Amino acid sequence: MIEYVNQLGPGAPRIGPPPTGTDASVWSLDTAAVTVGGYRVEEADAVLDAGEREKAARLLPGHRHRYLASHLGLRVLLGARLGLDPREVTLVREDCPCCGGPHGRPAVAGGGVHFSLSHSGDLAYIALAAVPVGVDIEETPTADAVADVLESLHPVESAELTALAPPRRPGALARLWCRKEACLKAAGTGLARGLAEPYVGSASAPAPVTGWVLTDLPAPDGYAAALAVADHHDQGQHQQQHQEQENRA
């Protein structure tokens, strides 16, 4: 587990050295805040791009404020990392690995840093890395939510949750769900291929996932959070082993 999550408050962030390898820097912010990273949330339209403004305009007021705060925080951190004014950060979408459409993993035009953003309740988590990365934070779900998704998960995960006493299931699902979401966001597939894969487990520590370094993150009571960072060395070994197995077949 990463032991420390940076806090993005009302002032400009101290960004620190860029992460390397499978390291990542993770930031949290209060999406109910009035000021984020030196910018007032009510004036976020002057910083965000047309697509972000259009999406924000479609949201109800409470959700709109959370969206504006989290995207403002994202631009502040990306700008600090890239040496740009937050207004100058150009965000794009990579091609979807499932269908090739322009709705894959969000990215910075021209590269320079990989990022991921997640928000739930009044919290947002933002991760920056040198390689593809996914972060997710989730509020503890209700018992009804556990029942709704139970049969959609990996069969082993469904069995793990069913074996728990009912009061323990929501917390276990929160751990499991944010781990799975972190991996799917890092891969850029989202939920297009369903919830069964990858198997991440619901125990106190995540199960290993080929090609990714998956870790739990510190989170306040009532939340769970996780981070997935691409491990190209592991991916390369897995591809080599797969090719060797095909050659022997």
Side-chain angles (χ1 to χ4, degrees), residues 1-9 13 15-16 19 22-33 36-37 63 66-67 69-74 76-78 81 105-106 113-142 145-146 149 153-154 157 160-161 164 168-191 195 197-209 211-231:
M1 177 186 283
I2 291 180
E3 296 181 356
Y4 183 73
V5 173
N6 302 285
Q7 305 296 314
L8 179 57
I15 199 71
T22 57
D23 292 336
S25 60
V26 181
W27 296 74
S28 72
L29 67 94
D30 177 2
T31 55
V36 173
H63 295 293
R66 296 184 185 100
Y67 177 89
S70 59
H71 280 252
L72 189 57
L74 173 65
V76 166
L77 291 172
L78 289 174
R81 169 60 61 220
R105 185 171 47 218
V113 64
H114 292 266
F115 71 88
S116 181
L117 164 66
S118 175
H119 51 86
S120 181
D122 286 336
L123 284 177
Y125 273 33
I126 298 167
L128 306 181
V131 293
V133 61
V135 71
D136 194 63
I137 181 167
E138 298 289 340
E139 284 188 287
T140 302
T142 63
V146 176
V149 303
L153 303 172
H154 190 284
E157 293 168 341
E160 291 172 359
L161 292 176
L164 295 174
R168 296 180 57 196
R169 292 174 187 170
L173 178 61
R175 289 194 299 271
L176 183 158
W177 189 272
C178 66
R179 293 167 184 170
K180 198 174 291 275
E181 279 271 19
C183 290
L184 296 175
K185 290 169 72 174
T189 60
L191 301 178
L195 293 172
E197 299 293 342
Y199 169 74
V200 295
S202 61
S204 58
V209 177
W212 303 97
V213 177
L214 178 61
T215 58
D216 290 337
L217 296 173
D221 291 342
Y223 290 85
L227 176 78
V229 183
D231 185 348

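Not measured: the values here are computed from a predicted model.
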Pick one: which of Thr142, Leu164, Leu161 meets side chain to side chain contact (heavy atoms under 4.5 Å, CB included) with Leu173?
Leu161
Residue pair Val26, Asn6: steps toward the side chain to side chain contact (heavy atoms under 4.5 Å, CB included) verdict:
CA-CA 6 Å; Val26 181; Asn6 302 285; 5.6 Å; no
So, for [X] and [Y], which heavy atoms are closest and what is the spacing to 0.1 Å?
X: Ala174; Y: Pro141; value: CB-CD, 3.8 Å
X: Pro218; Y: Val5; value: CD-CG2, 3.8 Å
X: Val229; Y: Thr22; value: CG1-O, 3.5 Å
X: Ala24; Y: Ala129; value: CB-CB, 4.1 Å
X: Leu214; Y: Val200; value: CD2-CG1, 3.8 Å

In terms of side-chain heavy atoms, does [X] have a donor or acceptor partner in [Y] at a distance below 3.5 Å?
X: Gln7; Y: Ser28; value: yes
X: Asp136; Y: Ser118; value: yes
X: Glu157; Y: Ser202; value: no

Show your working on side chain to side chain contact (heavy atoms under 4.5 Å, CB included) between Tyr125 and Ile137 and close with a plain yes or no.
CA-CA 7 Å; Tyr125 273 33; Ile137 181 167; 3.4 Å; yes
Donor-acceptor pair, distance only, cut-off 3.5 Å: does the side chain of [X] make one with the backbone of [Y]?
X: Arg66; Y: Leu123; result: no
X: Lys185; Y: Gly190; result: no
X: Ser70; Y: Ala124; result: no

Quick one, [X] and [Y] - any side-chain contact, counting heavy atoms below 4.5 Å?
X: Leu77; Y: Trp27; answer: yes
X: Lys180; Y: Leu153; answer: yes
X: Leu184; Y: Pro198; answer: yes

Report the C-alpha separation of Asp30 and Leu8 in whole Å, then their side-chain angles, then the decisive distance to 0.1 Å, and conclude whether the side chain to side chain contact (heavy atoms under 4.5 Å, CB included) test is met.
CA-CA 8 Å; Asp30 177 2; Leu8 179 57; over 6 Å; no
Any residue meeting side-chain hydrogen bond (donor to acceptor under 3.5 Å, both in side chains) with Tyr223, in chain and number order, not counting sequence neighbours:
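Result, side-chain hydrogen bond (donor to acceptor under 3.5 Å, both in side chains) vs Tyr223: none returned.
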Check the pair Leu117, Val135 against side chain to side chain contact (heavy atoms under 4.5 Å, CB included), reporting the backbone distance first and the verdict last.
CA-CA 6 Å; Leu117 164 66; Val135 71; 5.8 Å; no
State yes or no: are the ring centers of Tyr67 and His71 separated by less than 6.0 Å?
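Yes: the rings meet the under 6.0 Å criterion.
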Quick one: pull up CD in Glu138 and CD in Glu181 and give me the separation to the nearest 0.5 Å.
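The CD atom of Glu138 sits 6.0 Å away from the CD atom of Glu181.
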Using salt bridge (Lys or Arg N to Asp or Glu O under 4.0 Å), reason through Asp216 and Arg179 one step at a time and then give a plain yes or no.
CA-CA 7 Å; Asp216 290 337; Arg179 293 167 184 170; 2.8 Å; yes
